[in-house]
Amino acid sequence: MALYNANKDRFDRTTSEVAKLNYKIGMMYFNYYTEEDGSYSFSTRVQKAYSFFAENHNNAEIPQDFEDLNLAECYYQICSFYKNYILNGATVEEASRDNYENLFSTIENTLADVQSAGAYNQLSLMVQ
C-alpha cells in the first residue's frame, strides 16, 4: 500500500490499467484481508475494499473498455450499502425498501457478467 499511495497522484485515471488495479486491490481486500493474528471479519474486509471500488465509481473518466466495469460497480454498491446501513451505528437512518431493491437490482444485473468471471466473483455475488 505504501507504493500505491506514494504513486497514486501520478496514475492516469483514464486508462483501463488503473481501473483494473483499483478493482484487483479492492477484490484482494474483499476476499483475502486478514488481521495480523489471522482473524478476519467481513466488515473489516468491506471497509478496506471500499475505497478502491469508490475510486472507480467516482472516476468520471473511467474507460468504457474496462472489462470489469459492471463487477466493480456491483462491489462498490455492496460495500457502500454495508458501510452506510450496517456498519454506521452513528446514524439512525435505516436502509429503505428502495435501498434494498437498488442493491438487489445491481447484483441481479451483474449476474450475467459473473458467468464468465472468476470463482470468487461467482461465489460472492451468488451468495450475496
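The figures that follow rest on heavy atoms only: side chains count, while hydrogens, waters and symmetry mates do not. Numbering starts at 1 and runs along the sequence shown.
Considering only heavy atoms from C-beta on, Thr34 stays 4.5 Å or farther from Ser39 through its side chain. For the pair Glu73/His57, a side-chain contact is recorded, criterion being any heavy-atom separation below 4.5 Å from C-beta on. Under the 4.5 Å side-chain criterion, counting only non-hydrogen atoms from C-beta, Tyr85 is not in contact with Glu94. Looking only at side-chain heavy atoms (C-beta outward), Tyr23 and Phe66 come within less than 4.5 Å of each other.
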- What's the verdict on side-chain hydrogen bond (donor to acceptor under 3.5 Å, both in side chains) for Asp12 and Thr14, showing C-alpha distance, side-chain angles and the deciding distance? CA-CA 5 Å; Asp12 181 357; Thr14 64; 2.5 Å; yes

- Item | Working for side chain to side chain contact (heavy atoms under 4.5 Å, CB included), residues Arg13 and Ile62 | CA-CA 7 Å; Arg13 295 172 37 117; Ile62 195 166; over 6 Å; no

- Message: If you apply the rule side chain to side chain contact (heavy atoms under 4.5 Å, CB included), what do you find for Asn99 with Leu103, and how did you get there?
- Response: CA-CA 6 Å; Asn99 297 129; Leu103 177 62; over 6 Å; no

- Query: Between Tyr29 and Arg45, is a side chain to side chain contact (heavy atoms under 4.5 Å, CB included) present by the stated rule, with each step listed?
  - Reply: CA-CA 6 Å; Tyr29 275 118; Arg45 288 179 173 184; 5.9 Å; no

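Between the OG atom of Ser43 and the NZ atom of Lys83 there is a distance of 12.5 Å, given to the nearest 0.5 Å. The line from CG of Asp68 to NZ of Lys20 is 7.0 Å long, rounded to the nearest 0.5 Å. The OH atom of Tyr76 sits 11.5 Å away from the OG atom of Ser51 when rounded to the nearest 0.5 Å. Between Gln77 atom CD and Phe104 atom CZ the span is 13.0 Å, to the nearest 0.5 Å. One distance of note links CG of Asp98 with CD of Glu101; it measures 6.0 Å at 0.5 Å rounding. With rounding to the nearest 0.5 Å, the separation of OH in Tyr50 from CG in Asn84 is 6.5 Å.
Residues Met1 and Tyr33 fall within the same hydrophobic cluster, defined by Ile, Leu, Val, Met, Phe, Trp and Tyr side chains chained together at heavy-atom separations under 4.5 Å.
Taking the six-membered ring where tryptophan is involved, the planes of Tyr82 and Phe42 are perpendicular, since the angle between them exceeds 60° and thus also 30°. Ring geometry for Phe53 against Phe30 counts as perpendicular: the plane angle is over 60°, on a 0 to 90° scale with 30° as the lower cut.
Between the side chains of Ser105 and Asn102, no donor-acceptor pair is found at a separation under 3.5 Å. One side chain, Asn22 or Tyr4, offers a donor N or O that lies under 3.5 Å from an acceptor on the other.
Separation of the Tyr40 and Tyr32 ring centroids does not fall under the 6.0 Å cut-off.
Shortest non-hydrogen contact noted between Tyr100 and Ala95 is CE1-CB, 3.5 Å. The shortest heavy-atom contact between Asn7 and Leu3 is ND2-O, 2.8 Å. For the pair Pro63 and Ser16, the tightest heavy-atom approach, listed with the atom from each and the gap, is CG-N, 3.3 Å.
Judged purely by atom type and a 3.5 angstrom limit, Asn58 uses its side chain to pair as donor or acceptor with the backbone of Ala54.
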